[in-house]
Amino acid sequence: MTQDDMKKAAALAAIEYVGSGGVIGVGTGSTANHFIDALAAIRGRIDGAVASSNATAERLKKHGIPVIDLNAAGSLKLYVDGADESTRHLHLVKGGGGALTREKIIAAASETFVCVADESKLVDVLGRFPLPVEVIPMARSYVARELVKLGGEPVFRQGFTTDNGNVILDVHNLEILNPVELERIINQITGTVTNGLFAQRPADILILGTGSGVKTLR
Ligand code: 5RP
C-alpha cells in the first residue's frame, strides 16, 4: 500500500462524519483533496463548504460543491483537513501547503476537527517537519531573528506567497516539547500572522491510514 493509498483511506473514512445539511470546513493538501473527491458523491447532503485555500475552493467548485464565505456560514459542525505531523495528543504541525492561517481560522470556528493523514505523520515529538510561520512581508527578517533566539533555523520559502499575500518562514531544528506554549510565544512576535502549530486548538479526532487499515485516535 502506498502513502497515497493510506491518505485516501483516511479521507474516505472521514466521510462518515459528514452529517445532513449545514456547511462544513474543508482543508488543503493531497489528503484533503481525496476527501473533496469523495465528498462530491454525497454533495447533496450538505449546503456547501468553507475552503481553507484558493486551491481547495477551485476543487470544490469543479465538483459542484458550493463554496461559502465563513462570515456567512456561522459556526461549523465539522472541519476535515490533513496535517504534516501529529502527536498522540492530536497536537499538529500544519502549513506544508502554506494554507495555515485560513486552516487555523476554520479549525477555531468548527465544533469538531477531524484530521486525516497517513501513518507516517504520527510522531512522538513535533518538529522534524519544519514549522511554517506566516509573516507580513516587511517583518520577514525581524521575525526570522526572533525565531533564531528561540533556537530555530528559519528558512524563507522562496517564490511562495500565501493566499493572504504574505510570506512563509519554515523553521527547522525545533524539538517542540511544549507545543501549546511555543504556539503562543511565536504568535506574539510582531509581524507574525500565525504559526503552523495546532495545539491550543488541536484536532478532536485523528484518522490515520496505515498498512493494516484505518485507525482512529481521539
Ligand atoms: C496545508 C496543510 C496540509 O494539511 C498538510 O501540508 C498535509 O498535506 P498532505 O495531505 O498533502 O500530506 O497543512 O497547509
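Being a predicted model, the structure only gives us computed values, none of them experimental. Every number for a ligand or one of its atoms is a count from 1 in the order of the listing.
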Output the list of atoms in ligand 1 that are nearer than 4.0 Å to some heavy atom of [X], sorted by atom number.
{"X": "Lys7", "result": "9 (P), 11 (O), 12 (O)"}
{"X": "Gly97", "result": "1 (C), 6 (O), 14 (O)"}
{"X": "Gly29", "result": "11 (O)"}
{"X": "Asp81", "result": "4 (O)"}
{"X": "Gly98", "result": "14 (O)"}

Does some side-chain heavy atom of [Y] sit less than 4.5 Å from a side-chain heavy atom of [X]?
{"X": "Phe198", "Y": "Leu126", "answer": "no"}
{"X": "Phe113", "Y": "Ile205", "answer": "no"}
{"X": "Leu208", "Y": "Val214", "answer": "no"}

Any luck finding a side-chain donor-acceptor pair between [X] and [Y] under 3.5 Å?
{"X": "Asp118", "Y": "Ser120", "value": "yes"}
{"X": "Ser30", "Y": "Lys7", "value": "yes"}
{"X": "Glu134", "Y": "Thr101", "value": "yes"}

Which residue and non-hydrogen atom of the protein lie closest to [atom], and at what distance in Å?
{"atom": "atom 1 (C) of ligand 1", "answer": "Glu103 OE2, 3.1 Å"}
{"atom": "atom 3 (C) of ligand 1", "answer": "Thr28 O, 3.2 Å"}
{"atom": "atom 10 (O) of ligand 1", "answer": "Thr31 OG1, 2.5 Å"}
{"atom": "atom 6 (O) of ligand 1", "answer": "Asp84 OD1, 2.7 Å"}
{"atom": "atom 12 (O) of ligand 1", "answer": "Lys121 NZ, 2.7 Å"}

| Quick one: which of Ala83, Gly95, Gly96, Gly27 has a heavy atom closest to atom 7 (C) of ligand 1? | Ala83
| Heavy-atom nearest option to atom 9 (P) of ligand 1, drawn from Gly82, Ser30, Ala10 | Ser30
| Taking atom CD of Glu175 as the centre, does the number of heavy atoms from other residues, nucleotides or ligands within less than 6.0 Å exceed 12? | no
| Cation over ring face, Arg157 and Phe160, 6.0 Å, 45° | yes
| Is the NZ or CZ atom of Arg140 both under 6.0 Å from the centre of the six-membered ring of Phe156 and within 45° of that ring's axis? | yes
| message | Are any of the N/O atoms on Ala99, whether in the backbone or the side chain, positioned under 3.5 angstrom from an N/O atom of ligand 1? | response | yes
| query | Does Ala32, backbone or side chain, put an N or O under 3.5 Å from an N or O of ligand 1? | reply | no
| query | Are the side chain of Glu183 and the backbone of Ala199 linked by a donor-acceptor contact shorter than 3.5 Å? | reply | yes
| query | Is Asp118 touching ligand 1 with its side chain, its backbone, both, or neither, if touching means heavy atoms under 4.0 Å apart? | reply | neither
